[in-house]
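Read the numbers this way: they start at 1 and go in the same order the structure lists the ligands and their atoms. Everything numeric here is computed off the predicted structure, so don't read it as measured data. All values below were derived from every heavy atom in this structure, side-chain atoms included, with hydrogens, water molecules and symmetry-related copies excluded.
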Amino acid sequence: MRFDIFTLFPEVFHPYIDVSIIARARERGLAEIYLHNIRDWTTDKHHVVDDEPYGGGGGMVMKPEPIFKAVEGVLGSPPTCPVILLTPQGRPFTQAVARELAQQPHLALLCGRYEGVDERVRQHLVTDEISIGDYVLTGGELAAMVVLDAVTRLLPGVLGDPDAPAKDSHAAGLLEHPHYTRPPVFRGWEVPEVLRSGDHGRIARWRREQSLRRTWERRPDLLAKAELTPEEQELIARWEAERQREAREA
Ligand code: ADE
């Protein structure tokens with residue numbers, strides 16, 4: 001998969017994309033990442049990329065010309081791949097969106113700075129807008145890295161365990177079960193006996209129950225949308241009843 005990233009700060013990507021799983025995916029040709037500095041596409045003496053907003057008010061707005069020049073200069077006009085603007089006004093980024101984007105052979109990520117980009121970029125160049133959460137960052141770079149990371153790890157061959165993405169939190173609409181590794185006892189805190197039992201049936205049942213319990217405790221909004229067996233629904237109803245009984249007794 002190919003990523004073209006358009007930004008005023010290409011250097012901030014390197015510390016992240018040059019290490020660990022993303023670096024390995026790049027070395028193996030599974031992910032190709034090209035960084036483009038929008039400032040390189042300015043034609044004026046001072047390489048200006050922003051200007052004051054029409055209508056007044058504070059802040060600066062990214063000018064349309066360098067952005068169009070950069071994106072069309074690299075990808076052609078019109079670009080044939082999705083051009084995604086990272087913005088707090090975009091559609092919320094989720095694991096489902098990561099899976100959707102991982103189907104594409106090529107993505108362009110456009111990182112805004114300052115108060116944002118000239119509206120004509122959104123209207124006539126951008127084909128999708130993504131937000132990584134309801135908070136405002138100083139620019140789209142961190143958001144682009146989040147998208148890049150979540151999508152790259154889903155590409156076939158990137159993770160050592162091909163089944164790993166299917167087991168992740170959010171993959172099946174639930175949070176994942178807890179994990180333990182050696183030592184079996186640390187400061188007196190033991191690894192649950194079931195995980196050391198070697199009984200794969202019991203382990204799978206325990207993990208599923210833990211996954212349900214965590215989701216029930218932390219993210220009931222996810223549970224409402226998850227596919228549950230009648231037995232699992234019954235289990236949750238029992239937890240609910242227990243919680244209500246405890247609340248009455250408290
Ligand atoms: N740029 C600034 N804040 C952002 C956010 N929450 N998501 C995506 N891009 C952004």
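Both Leu148 and Leu155 are members of a single hydrophobic cluster when ILVMFWY side chains are connected at heavy-atom separations under 4.5 Å. Put simply, Leu109 and Leu35 are part of the same group of oily side chains (I, L, V, M, F, W, Y) that touch within less than 4.5 Å, one to the next.
Under 3.5 Å, the side chains of Thr87 and Glu129 contain no donor-acceptor pair of N or O atoms.
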For a distance cut-off of 3.5 Å, show me each N or O of ligand 1 paired with any protein N or O, plus the separation.
{"residue": "ligand 1", "atom": "3 (N)", "partner": "Leu137", "partner atom": "N", "Å": "3.0"}
{"residue": "ligand 1", "atom": "6 (N)", "partner": "Gly133", "partner atom": "O", "Å": "3.1"}
{"residue": "ligand 1", "atom": "6 (N)", "partner": "Tyr135", "partner atom": "O", "Å": "2.8"}
{"residue": "ligand 1", "atom": "7 (N)", "partner": "Ile132", "partner atom": "N", "Å": "3.0"}
{"residue": "ligand 1", "atom": "9 (N)", "partner": "Thr87", "partner atom": "N", "Å": "3.1"}

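The salt bridge (charged side-chain N to carboxylate O under 4.0 Å, His left out) contacts involving residues 85-109 comprise Arg91-Glu100, Arg91-Asp128, where partners must be two or more places apart or lie in separate chains.
Between Glu209 and Arg205 no salt bridge is recorded (no basic side-chain N to carboxylate O distance below 4.0 Å).
For the atom pair CD (Gln210) and CG (Leu175), the distance works out to 12.0 Å, reported to the nearest 0.5 Å.
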